[in-house]
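What follows is one structure encoded as structure tokens, with my remarks underneath.
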Amino acid sequence: MSRYNHREVEPKWRERWTRAGIDRALSPEEARGKPKAYILEMFPYPSGRIHVGHSRNYAMGDVIARFRRANGYNVLHPMGWDAFGLPAENAAMEKGVHPKNWTYANIEAMRGQLKLLGLAIDWERELATCDPSYYKHQQTMFLAFWKKGLVYRKKQKVNWDPVDQTVLANEQVVDGKGWRSGAPVETRELEQWMFRVTAYADDLLDAIGSLDKWPDKVRLMQSNWIGKSHGARFKFDIVDSEAKIDVFTTRPDTLFGASFVALAPDHPLTKEIALRKPEVAQFIEACAHLGTSEADIEKAEKFGVDLGLKVRHPFDPSWELPVWGANFVLSQYGTGALYGCPGHDESDHAFASKYKLPILPVVLPPGADEATFSVAQEPFVGDGVAFNSKFLDGLPSREAIARAIAELEKLGAGEATTQWRLRDWGVSRQRYWGCPIPAIHCAKCGVVPAPEKDLPVALPEDVKFDKPGNPLAHHPTWKQVDCPQCGGKAERETDTLDTFVDSAWYFARFADPQNEARPFDKKLANYWLPVDQYVGGVEHAVLHLLYARFFTRAMRDCGYLDSPADGEPFKSLFTQGMVVHETYKSASGQWLLPEETELKDGARIDVATGQAVEIGAIEKMSKSKKNVVDLDAFVTDFGADVARWFVLSDSPPERDVEWTASGVKGAWGFVQRVWTLVDAHGRPAPEPDEAAPAMQGEAHALRQLAHRAIQHVTADIEHFRFNVAVAKCYELVNAIAKLKGDDEAAVFARGEALRILTQLISPFMPHLAEECWERLGFEPFAASAPWPAADPELAARNTVTLPIQVNGKKRAEIEAAKGAAEAEVREQALQHPSVAQFLAGQTVRKVIVVQDRIVNIVAN
RNA sequence: GCGAGCGUGGCGAAACUGGUAGACGCAGCGGACUUAAAAUCCGUUCGCCCAAAAGGCGGUGCGGGUUCAACUCCCGCCGCUCGCACCA
């Protein structure tokens, strides 16, 4: 009897796998007709070290990758590093390390840690986005996009992060704060590089419908983000002026309920009037001081100022409406101006109530009475029937909208339009540690592309981080260059690309990561894409996934790839839950690592001081709260398999799992138990196709259970029900342990069950599986063995236990042949003694027999 | 405010298209082995009634409904989580 020693076993098998090269993805030619499966986990940012919390994401992808491989797929399961980004520069400033050295040292450390997990990854395809051999191609594509009109420059108000000293995309502003720094965002006007994401707005929205293997939640979030609304855009003529005010509305049917027009504080007209009207200038000033955080918005009252202008109603030139500046009008949405219809819009109602503007009802809710219906207290925002609206009267809202638009078009005042919430993606970042934008500014020629032969435009390495701002711009010589057009003195663009650009196409690069001439070979990309299974956190539901969808379309339209033709990079997406852990705080208020505490007499104490520890919320493992469990130490103590098994076993994969000592203990115990059983069996297991000796009783029952387990676990892995698959494995182990005896039948059944168990746990605990595989007399690898096939006859049930209910309450059980005739089952049920007892003195009204399921007798 | 999801034992959770609620794990309890502990193994565990067994009653956040049958479907509440946030 030998105890399972993971410290020897795990490294041994990893070494053998590597030597045999079993994790290498085959070329399309080598694959010879095998179907392909591209399994990918969102690649990590090399922040320093990996903790067990990170492992869940990779463990899930690895289960799928190994499962697909066992099922005969040519699997691509690569790993890379999202390696550009601010933390490297912060480290440079804090510790004086060069971002490059810091990043590569982290990659080195994290690669070693990831390898400890025994992931079936094709490491030959590893890439880092900060490597010039990677970003060179990104620059090439940037130029191609530029040529195609998908890249442009625009002077724009931008979100400026005062702490990180850089521009942020709208998507990176969370509650008015920088997503990374947490500092309140300011606005600045800057010349920006933009990606024309809106060129694909319609397609990006429509295609969401075809992403049936994405979580509904993510699809909804993307739809909302893109935010398409249909409506009308039209002009109001300003009284005593040639000028007009352009507005957007989704409800032109309520035009006869208009009582004012409102402009955004930074609308050009508002600003113009502010020059001569101090109260308007004051209003603008007041708006600028309003915070944009959640709390601020909630308590921000609507306010405005009368601009002193009048406009004519498009349907009735004699009807004049006042023009106001209002704080609730957004300059970035629509035209930055709207007409207020207080009767049928919440904001307009609040505004009109405050400033005593007319509130007119023009839409009658279904069932309401025209004579008594009022909107004085509450606006009605739903659909109904137009009234008080001249030629619209009597039309249902939908028709009234169409009719109103037709009228606006006839008058030449406006037209139907579509409005998007989605805006183009500003990608300029005033940082050093990012992909340089391959453009040159020439005083004579303007902004010109860097010549393709000069790519990559590489980052200089001799940079200083001694002052705030962009070190590239401060570099003494780097930006000096000759204009490729006129040959005169010119300057390089010093902005770098948002790191979300790097991650918007890395999955395509994995198809052909060593290609020097091109981003990737078209044929290879066509072969591997789309990613069949993508696994990552929900936090990327909008940003990364939207950008990747945009990029794939842009790459397709610039001729880099043909497939996926629909431009969808990720066929199936799974968003996994986090690993959470209790947080601990010392008496002095410092966060403590779990290992800095211990349980003593049921209370948790600080090891250093012996004082009680304050136990905080159970949160996502994070460095800042120190509620992390280091991977290396854990693997040394318990092994990678225990970590993998545990993070997949306790909770459904989409839900968070709490890392607990007892859970670890359970997984550890299971590993030992499996090994003990295999080891104790002490002889080779039968080959999968070996004929079984005749048997009945417990041995036969074990065979049945094992073959059913194959069916269950197979379906569970397919459907991402890892926790249920794990439970089935426990069940199988319990059954194997129960079967005693050393006769031929028992030995066969046990050996077969152990072989099946080994194969079923192999995607989850690959090291243990190999050790068992070898002990059972197989070679070379459990990891390369075909997935076990269930014998349909064994897995099938020939008898079923049927519950018998009387009036919906279970009273008895009977054994019946599977598929037994209804009449037979019915008789058996009615005659059952405990059923008869309940039927005494009652009349049977009805007997419901659901085949192989249940019998219900209705009596009274 | 709008939208989505969730709510099941002491805990994490199972339950396929409505068909035996609580699989499996943790913790607990009892036992075996041990001088003892750890480890391991075996048994047991939703609550209530009954001395116990047999058995019965109740039970999936709350209140109603549909159905022979509801964790599952419908209506109305309550609570939690996430996303969006003055989008005209």
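Proteins get letters first, then strands, A, B, ... in listed order; numbering begins at 1 in each.
- For the C1' atoms, the distance from rC42(B) to rG59(B) is 31 Å, rounded to whole Å.
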Could you pull out the protein-nucleic contacts involving nucleotides 66-70 of chain B (nitrogen or oxygen on both sides, under 3.5 Å)?
residue : atom : partner   : partner atom : Å
rC68(B) : O2'  : Asn856(A) : ND2          : 3.0
rC68(B) : O2   : Asn856(A) : ND2          : 2.7

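- A distance of about 25 Å separates the P atoms of rC77(B) and rG83(B), rounded to the whole Å.
- Side-chain contact check for Val849(A) versus Val847(A): some heavy-atom pair is nearer than 4.5 Å.
- Residue Asp216(A) is out of contact with every strand shown, counting any heavy-atom pair closer than 4.0 Å.
- Both the sub-6.0 Å distance and the 45° axial angle are satisfied by Arg811(A) relative to the ring of Phe838(A).
- Distance, Lys728(A) NZ to rC16(B) C1': 11 Å, rounded to whole Å.
- Here the CG atom belonging to Leu338(A) is positioned 8.5 Å from the OG1 atom belonging to Thr249(A), to the nearest 0.5 angstrom.
- Here the nucleotide nearest the side chain of Met221(A), chosen from rU20(B), rG83(B), rA14(B), is rG83(B).
- Judged by distance alone with a 3.5 Å cut-off, a donor-acceptor contact links the side chain of Arg853(A) to the base of rC16(B).
- By the rule that a glycosidic angle within 90° of 0 means syn, rG9(B) counts as syn.
- When rounded to the nearest whole Å, the span between CD1 of Ile854(A) and P of rG18(B) equals 14 Å.
- Comparing Trp668(A) and Phe248(A), the nucleotide of RNA chain B nearest to each residue sits closer to the 5' end for Trp668(A).
- Across all strands, Val247(A) comes closer than 4.0 Å to no nucleic acid atom at all (heavy-atom distances).
- Rounded to a whole angstrom, the distance from the P atom of rC71(B) to that of rA21(B) is 8 Å.
- Taking side-chain N and O atoms only, Lys809(A) has a distance below 4.0 Å to OP1 or OP2 of rG58(B).
- Pairing partner, rA88(B): none, since no Watson-Crick or wobble contact has both distances short of 3.5 Å.
- The side chain of Lys217(A) lies closest to rC82(B), out of rA88(B), rC82(B), rG25(B).
- One atom, CG of Leu705(A), and another, P of rC24(B), lie 11 Å apart when rounded to the nearest Å.
- Nucleic acid contact class of Glu813(A) (heavy atoms, under 4.0 Å, all strands): base.
- The nearest heavy atom of RNA chain B to Lys740(A) and to Val855(A) marks one nucleotide each, and the one closer to the 5' end goes with Val855(A).
- Lys228(A) comes within 4.0 angstrom of no nucleic acid atom, judged by non-hydrogen atoms across all strands.
- Across all strands shown, Phe838(A) has heavy atoms under 4.0 Å from sugar-phosphate atoms exclusively, and none from any base.
- When rounded to the nearest whole Å, the span between CD of Gln711(A) and C1' of rC16(B) equals 13 Å.
- No side-chain N or O of Tyr4(A) forms a donor-acceptor pair with one of Thr676(A) less than 3.5 Å apart.
- Using a 30° and 60° split on the angle between ring planes, Phe351(A) and Trp324(A) fall in the perpendicular class, above 60°.
- For rC26(B) and rU20(B), the P atoms lie 26 Å apart once the distance is rounded to whole Å.
- Within the shown strands, rU81(B) is the pairing partner of rA4(B) under the Watson-Crick or G-U definition, both distances less than 3.5 Å.
- For the OP1/OP2 pair of rC6(B) and a distance below 4.0 Å, the side-chain nitrogens and oxygens of Arg655(A) include no atom meeting the criterion.
- Between the side chain of Lys665(A) and the base of rC26(B), no donor-acceptor pair under 3.5 Å is found.
- Within the 4.0 angstrom heavy-atom criterion, only backbone atoms of the sugar-phosphate kind lie near Leu220(A); the bases stay farther away.
- Residue Arg673(A) places at least one side-chain N or O closer than 4.0 Å to OP1 or OP2 of rC41(B).
- Within the 4.0 Å cut-off from OP1 or OP2 of rA14(B), at least one side-chain nitrogen or oxygen of Asn723(A) is found.
- Nucleotide rU67(B) forms no Watson-Crick or G-U wobble pair with any nucleotide shown, as no partner meets the under 3.5 Å limit on both distances.
- Residues Arg233(A) and Asp246(A) are paired through a salt bridge, judged by an N-O separation under 4.0 Å between the basic side chain and the carboxylate.
- Nucleotides rG18(B) and rG31(B) place their P atoms 47 Å apart, quoted to the nearest Å.
- In this structure, Lys810(A) reaches the bases: a heavy-atom distance under 4.0 Å links it to at least one base atom across the strands shown.
- Atom C1' of rC62(B) sits at a distance of 11 Å from the matching atom of rG7(B), rounded to the whole Å.
- Nucleotides rC11(B) and rG5(B) are separated by 26 Å at their P atoms, to the nearest Å.
- Side chain of Glu731(A), nearest nucleotide from rC24(B), rA15(B), rC87(B): rC24(B).
- Asp348(A) comes within contact range of no nucleotide atom at all, as no heavy-atom separation falls under 4.0 Å.
- Nucleic acid contact class of Arg845(A) (heavy atoms, under 4.0 Å, all strands): none.
- In the set rA85(B), rG43(B), rA88(B), rG43(B) carries the atom at the smallest distance from any side-chain atom of Lys738(A).
- Separating the CZ atom of Arg708(A) from the P atom of rC24(B) is a distance of 15 Å, rounded to the nearest angstrom.
- Spacing between rA23(B) and rC33(B) at atom C1', rounded to whole Å, works out to 30 Å.
- The OH-C1' distance, from Tyr730(A) to rG25(B), rounds to 6 Å in whole Å.
- Defined by atom type and a distance below 3.5 Å, a donor-acceptor pair is missing between the side-chain atoms of Tyr355(A) and Ser259(A).
- Separating the NZ atom of Lys302(A) from the C1' atom of rC87(B) is a distance of 12 Å, rounded to the nearest angstrom.
- Residue-level contact check: Arg219(A) touches neither bases nor backbone, having no heavy atom under 4.0 Å from any strand.
- At rA85(B), one or more side-chain N or O atoms of Arg421(A) fall inside 4.0 Å of OP1 or OP2 (strictly under the cut-off).
- Aromatic rings of Phe256(A) and Phe315(A) (six-membered ring for Trp) have centroids within the 6.0 Å cut-off, being under it.
- Pair check for rG25(B) finds rC11(B); Watson-Crick or G-U wobble, both atom distances under 3.5 Å.
- With rounding to whole Å, Gln576(A) atom CD is found 21 Å from rG5(B) atom P.
- One distance of note links CD of Gln828(A) with CD of Glu815(A); it measures 9.0 Å at 0.5 Å rounding.
- Residue Arg811(A) has a polar side-chain atom (N or O) positioned under 4.0 Å from OP1 or OP2 of rG56(B).
- Two rings, from Trp659(A) and Phe646(A), have their centers less than 6.0 Å apart.
- Considering NZ of Lys228(A) and CZ of Arg421(A), their distance stands at 16.0 Å, rounded to 0.5 Å.
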Q. Could you go step by step and tell me if Thr575(A) and Glu654(A) meet the side chain to side chain donor-acceptor pair (under 3.5 Å) rule?
A. CA-CA 6 Å; Thr575(A) 51; Glu654(A) 67 278 7; over 6 Å; no
